[in-house]
Amino acid sequence: MQDLASSALAASGSVITLTFPDGNTRTYPQGITGMMVAESISKSLAKAAVALKVNGQMRDLSRVIEEDASISIVKRDEAEAVELIRHDCAHVLAEAVQRLYPGTQVTIGPNIENGFFYDFARNEPFTLEDLPKIEAEMRKIIERGAAFEREVWDRDQAIAYFTGKGEMYKAELIRDLPGTETITIYKQGEWLDLCRGPHMPTTKQVGMAFKLMKVAGAYWRGDSSKAMLTRIYGTAWRTQEELDSYLTQIEEAEKRDHRKLGREMDLFHLQDEAQGSVFWHPKGYKIWLSLEGYIRRRLNDSGYVEVKTPQLMDKKFWEASGHWQKYRDGMFIVPDEIPSLEEGKPIVSNKAFDHLLALKPMNCPAHVQIFKQGIKSYRDLPIRMAEFGCCHRNEPHGALHGLMRVRQFTQDDAHIFCREDQVFEEAKLFLSLFFDCYKDLGFDKIDLKLATRPANRVGTDDQWYRAEKALEDALKQLDLPYTIAPGDGAFYGPKYEFHIRDAIGRSWTCGTFQLDYNLPERLDAHYIGEDGGRHRPVMLHRAILGSLERFIGIMIENYAGKLPLWLAPVQCVVATITSDADSYAHEVYHKLKDAGLRVELDVRNEKINYKVREHSVAKVPVMFVVGKREAEEEKVAIRRLGSQDQQFEELPQAVASLIAECQPPY
RNA sequence: GCUGCUGUAGCUCAGUGGUAGAGCGUACCCUUGGUAAGGGUAAGGCCGCGAGUUCAAUCCUCGCCAGCAGCACCA
């Protein structure tokens, strides 16, 4: 090291000082690369190294370190390296595809959570059958171990190069890069790609712990008016063990799918004749009622009043609210005419189109109508108007998904009518109510976003500023972690979005809190202020669960079907060992039933093993098992889901403690 | 809505150019068994829908519908 350093020093005459993670510093000659630094420390480090972090930024090992910096060498077995492995793997995928399918254009191939994808433009989209062949080609490329070489290209030359090769998408990407951006190219052997980098030294370091997962269509630049590309998803890890454990994790997650559990636990079903609308079975509806009851108590105790508003309302009404113009394509429209029963005649006349009704897609305009009945004083505000409102939205077929995205859903909706100076306080009240509920419901991983002004919006900038500030201040004051989602606000105001993930990691919006200056204006709502004049109230749209359908779906997945006692559709099964215990079992069953518990009696002519298995599979949280012994001693054998053993208890005590345990948290 | 894949018994899935099979579940019978599947018998199918090719289609081709994955959308 000394030799290298001193000889280079002698040549160039200047040095740089590098600080290592342990705080030590060393001087190196100018022009030194990351790889040379690694080699200067040890051969084994140089071999294990895949990248260099310069002042916290990942860089290629081959790049020259220009000036004094704190650095750390990233080894392949470190957690950070997995990002490099995945991105390099995407490049290898792209090369493999272009080798196997000449004429395919490459576009973009970024990392995503747990993996990467690459979008290709090809007349004939890839299918699942193509993947093993592509994987095999990738292995060859990795085996070959070509070095990744970074080159800086001139912008026009780069555009000319890719255009010349027929890579129109790459050319477009370069054309759209800001003029200040350096155009960098990474070569791996003969193949090259436009890329910002960094990359590992060679393709060999990608390793073999990767797998191509699925193919799908994806629009160029995420724009449905543009071409549809064919996307290949892959995953890559540092070791085979990591890959295997990821694949097992996916398999396990699939078992929690609410659509599967919904069928197995006999909670609900969906069918073609009512696609996107749920048939709730008795057991599923028990969950619904428990959850609804819980929220109703919460709202009642938090100053809300509950209302119920019409499903069908005249088109005029939706024109006034603005929904007709903006969201008509998502509404169910019904003619207000008696349909004809005459054979061969149209069901409705042409005149029917002059008078249309729509199923409500939202509850808010209806709530404004209630607000507008009579005259409201500033003293009445805030008015917190709640409704378990059933809404219909004509969702695109491709969007429908189990309970998560349906066409008929019920929101635990409410609208708060208040003065602007009350927004901050209402936001705080809502946030604390929200988190109290989610704690009770077993959710701690909630992704809270503050969605700010979109390009297309109503209201003045000043109004938006005050609105965003009120929402952000409430978050800060409650010390809640959040991220900003710029431009994601509604056209009428900023909002909080509460996202939760399902079993396989997809994120769904559940709760929401939205500020709205627009609707009170459009529907002419007002109150009389202290000054005796008319004023516009601010409207806050808010939901804790969001759609009950979606929330129950998420909850099933979150608990893997093993709902806590207060939500479980069947809280206890009384099961007999022999028919000698039948009459005692009836007595036990009725004691629990009379106490209001959701209980079932199993006196079937089956062995206890069989009954225990069946009810365990059905995820019943508690079983009271009774045989001859229990009947004689007035006891029950309690068996809990997931436990191997049992406790024996006196009947009155067992009943009392189960009742206590089944109480809702609020 | 777009791209791809899939559609066979209530559920999970085999299968074949000559009108179908398993396991689980269901019904009935035997069994009264002490904590995750006791035994037997039986019933159960417009092989998603419509057209075409063929002597013959669940199987091949086309169209439609639905489901799944992803994309787009989500007031």
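Every chain is numbered from 1 and lettered A, B, ... according to where its sequence line falls, protein lines coming before strand lines. Note that the structure is predicted; figures quoted are calculated from it, not measured. As a basis for the values below, the full set of heavy atoms in this structure was taken, side chains included, without hydrogen atoms, waters or symmetry mates.
Not less than 6.0 angstrom separates the ring centroid of A/F116 from the ring centroid of A/Y118.
Summarising the geometry, the separation between CG on A/D119 and C1' on B/C2 is reported as 14 Å, rounded to the nearest angstrom. Rounded to whole Å, atom P of B/A69 lies 7 Å from atom CG of A/D257. Rounded to an integer number of Å, the gap from A/K260 NZ to B/G10 P is 18 Å. Rounded to whole Å, atom C1' of B/A36 lies 6 Å from atom CZ of A/R613. Atom pair A/R629:CZ and B/U32:C1' shows a separation of 15 Å (rounding to whole Å applied). Spacing between atom CG of A/D645 and atom P of B/A36 amounts to 11 Å, rounded to whole angstrom units. Rounded to a whole Å, the CG atom of A/N609 is 6 Å from the P atom of B/A36. When rounded to the nearest whole Å, the span between CZ of A/R639 and C1' of B/U35 equals 5 Å.
Look at the C1' atom in both B/A9 and B/G45: the space between them is 6 Å, to the nearest Å. Rounded to a whole angstrom, the distance from the P atom of B/G1 to that of B/C59 is 26 Å. Rounded to whole Å, the P atom of B/G40 lies 22 Å from the corresponding atom of B/A36. Nucleotides B/C65 and B/G48 are separated by 8 Å at their C1' atoms, to the nearest Å. Here, B/A20 and B/C24 have their P atoms 23 Å apart, quoted to the whole Å. Comparing the C1' positions of B/C60 and B/C47 gives a spacing of 15 Å, expressed to the nearest Å. Taking atom C1' on both B/C29 and B/A66, the two are 41 Å apart, rounded to the nearest angstrom. Rounded to a whole angstrom, the distance from the P atom of B/C74 to that of B/G15 is 43 Å.
Regarding contacts with the backbone of B/C68, a side-chain N or O of A/R259 is found under 4.0 angstrom from either OP1 or OP2. Taking only side-chain nitrogens and oxygens, A/Q644 comes nearer than 4.0 Å to OP1 or OP2 of B/A36.
Among the atoms of the strands shown, none is found under 4.0 Å from any heavy atom of A/K611. Among the heavy atoms of the strands, none lies under 4.0 Å from A/A575. Within 4.0 Å of A/E129, counting heavy atoms only, lies no atom of the nucleic acid at all. At a threshold of 4.0 angstrom between heavy atoms, the contacts of A/L128 with the nucleic acid are absent. Within 4.0 Å (heavy atoms only), A/S616 reaches at least one base atom of the nucleic acid.
Each of A/F513, A/Y492, A/Y517 was checked for a ring-ring contact (aromatic ring centres under 6.0 Å, His included) with A/H541, and the lone residue meeting it is A/Y492. Considering A/H499, A/H401, A/H258 in turn, A/H401 is the only one that fulfils the ring-ring contact (aromatic ring centres under 6.0 Å, His included) rule with A/W508.
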Subject >> Secondary structure of RNA chain B in dot-bracket form (Watson-Crick or G-U wobble, distances below 3.5 Å, | marking inter-strand pairs) >> reply: (((((((..((((....[..)))).(((((.......))))).....(((((..]....))))))))))))....
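Remark: the A/T230 side chain and the B/U3 base include no donor-acceptor N/O pair separated by less than 3.5 Å. For B/G67, its base never sits under 3.5 Å from the side chain of A/Q271 at any donor and acceptor pair.
Nearest nucleotide to the A/Q275 side chain, out of B/A36, B/A66, B/A37: B/A66. For A/Y610, the side-chain atoms get nearest to B/G25 when compared with the rest of B/U35, B/G25, B/G4.
A residue-by-residue look at A/L229 and A/L400 shows that A/L229 has its nearest nucleotide of RNA chain B further toward the 5' end. Positionally, the nearest nucleotide of RNA chain B for A/M623 lies more toward the 5' end than for the other of A/M623 and A/G276.
With salt bridges taken as basic N to acidic carboxylate O contacts below 4.0 Å, one links A/R221 and A/E172. Salt-bridge annotation for A/K226 and A/D223: present, with a side-chain N of the basic residue lying under 4.0 Å from a carboxylate O of the acidic one.
The nearest pair of heavy atoms linking A/I333 to A/A358 is CD1-CB, 4.2 Å. Taking all atoms of both residues into account, the shortest heavy-atom contact from A/L519 to A/P365 is CD2-N, 4.1 Å.
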Can you give each donor-acceptor pair under 3.5 Å made by side-chain atoms of residues 446-453 of chain A, sequence neighbours left out, with the distance rounded to 0.1 Å?
{"unit_1": "A/T452", "atom_1": "OG1", "unit_2": "A/G487", "atom_2": "N", "d": "3.2"}
{"unit_1": "A/R453", "atom_1": "NE", "unit_2": "A/E468", "atom_2": "OE1", "d": "3.4"}
{"unit_1": "A/R453", "atom_1": "NE", "unit_2": "A/E468", "atom_2": "OE2", "d": "3.0"}
{"unit_1": "A/R453", "atom_1": "NH2", "unit_2": "A/E468", "atom_2": "OE1", "d": "2.9"}

Original post:
Reading nucleotides 70-75 of chain B 5' to 3', which nucleotides get B (base under 4.0 Å from a protein heavy atom), which S (sugar-phosphate only), which -?
Top reply: BBBBBB
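Using a 4.5 Å heavy-atom threshold, the side chains of A/M213 and A/I250 count as touching.
Between the A/Q571 side chain and the A/A568 main chain, no donor and acceptor come within less than 3.5 Å of each other. In this structure a side-chain-to-backbone donor-acceptor pair under 3.5 Å is missing from A/K255 to A/L261.
Note on ring orientation: taking the six-membered ring where Trp is involved, the planes of A/F498 and A/Y496 are perpendicular (angle over 60°, cut-offs 30° and 60°).
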